[in-house]
Visitor: 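The structure is given below, and queries will be raised subsequently.
In what follows, every heavy atom counts, from backbone to side chain, and hydrogens, waters and symmetry copies are set aside.
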2 protein chains.
Amino acid sequence: MILHTLHLLGGYSRPGQLQRSIPGLSKKMMTQTLRELEGKGLINRHIHQIMPPNVEYSLTALGKVFVEPIEQLYFWGIDHADALEALATNERLTCTAQNPLEVAE
Amino acid sequence: MILHTLHLLGGYSRPGQLQRSIPGLSKKMMTQTLRELEGKGLINRHIHQIMPPNVEYSLTALGKVFVEPIEQLYFWGIDHADALEALATNERLTCTAQNPLEVAE
DNA sequence: CGGGATCCACTATGATACTG
DNA sequence: CAGTATCATAGTGGATCCCG
């Protein structure tokens, strides 16, 4: 979801905007995931200023490769919203957070 | 992975074969997942005999819809094996079980 | 063989408070 | 604002034993 959102926002974003774009995402999980993605080489972390903190995350070349199939999945979800609703019965497979098929802001 | 394997096996399979086809999968997780998929209407459960137990799971029409994007993901993984290996550093995002890109048997 | 039940160690994650 | 640290707790999944 973070990769997808980052991609939707043009390939880069600040943490605040990122978190506001994914409603159910807690600060802890976001930071943790950003660290993982950074560790994997999927995103870059740019520090512009220290005070006030001004950080920007951006997709790396490798990150853009991984965004491709994710975008296809999101597109598929849009095209098959009916199939997704057909699973509403059992909650265990569905995502509790709102899927950011469309990202605010 | 179960949907993918079920699809690779022709759309139906018995539990034993299914579990043997996905090495890291425990009996508990397999049964649990099969129950969820059945509850969602993605697979059917057919009991042929009680003694000895002879059960067969098969993809439903809805299940076949969900197999599509999964297959695309697997194909993507095959085409981009190099990108996947590039993440080997950090383990937290990688799957512990062996990915059944190719299913035995 | 298929699968249910139980126990238990481990993990994940939200909440909260704190730092610079 | 960006990020860390700590805690409490719910969830996860393997191991094991059992049944028909």
Visitor: Please check: side-chain N/O of A/Gln19 versus main-chain N/O of A/Leu25, any donor-acceptor pairing under 3.5 Å?
Guide: yes

Visitor: Angle between the two end axes of the helix from C/dC1-D/dG20 to C/dG20-D/dC1, five base pairs per end, rounded to 10 degrees?
Guide: 30°

Visitor: Apply side-chain contact (heavy atoms from CB on, under 4.5 Å) to B/Arg45 and B/Leu34, showing your working.
Guide: CA-CA 9 Å; B/Arg45 180 168 182 261; B/Leu34 287 173; over 6 Å; no

Visitor: Hey, is the side chain of A/Arg14 poking within less than 4.0 Å of OP1 or OP2 on D/dA2, counting only N and O atoms?
Guide: yes

Visitor: What's the CZ-C1' distance between A/Arg35 and D/dT4, to the nearest Å?
Guide: 10 Å

Visitor: Checking only heavy atoms, does the side chain of B/Lys27 share a donor-acceptor pair with the base of D/dG14 at less than 3.5 Å?
Guide: no

Visitor: B/Glu36 has an atom CD; how far is it from atom P of D/dG11, in whole Å?
Guide: 14 Å

Visitor: When you look at B/Leu6 and B/Val67, which way does the side-chain contact (heavy atoms from CB on, under 4.5 Å) test go after all the steps?
Guide: CA-CA 9 Å; B/Leu6 214 44; B/Val67 160; over 6 Å; no

Visitor: For the pair made of CE in B/Met29 and P in C/dG4, what is the distance, rounded to whole Å?
Guide: 14 Å

Visitor: Would you mind reading off the distance between A/Lys28 atom NZ and D/dT4 atom P, rounded to a whole angstrom?
Guide: 12 Å

Visitor: Closest-nucleotide mapping onto DNA chain C: is B/Gly16 or A/Ser26 further toward the 5' terminus? I mean the 5' end.
Guide: B/Gly16

Visitor: Output the residues of residues 44-59 of chain B in contact with DNA chain D, where contact means a heavy atom of the residue under 4.0 Å from an atom of the strand; sort by number or write none.
Guide: B/Pro53

Visitor: From CG of A/Leu25 over to P of C/dG14, roughly how many Å is that when rounded to an integer?
Guide: 8 Å

Visitor: Find the distance B/Leu18:CG to C/dG2:C1' and express it as a whole number of Å.
Guide: 12 Å

Visitor: Give the rounded distance in Å between these two atoms: CD of B/Gln32 and P of D/dT12.
Guide: 8 Å

Visitor: Identify which nucleotide among D/dA2, C/dG4, C/dG14 has an atom closest to any side-chain atom of A/Pro15, counting heavy atoms from C-beta outward.
Guide: D/dA2

Visitor: A/Met30 has an atom CE; how far is it from atom P of D/dT4, in whole Å?
Guide: 11 Å

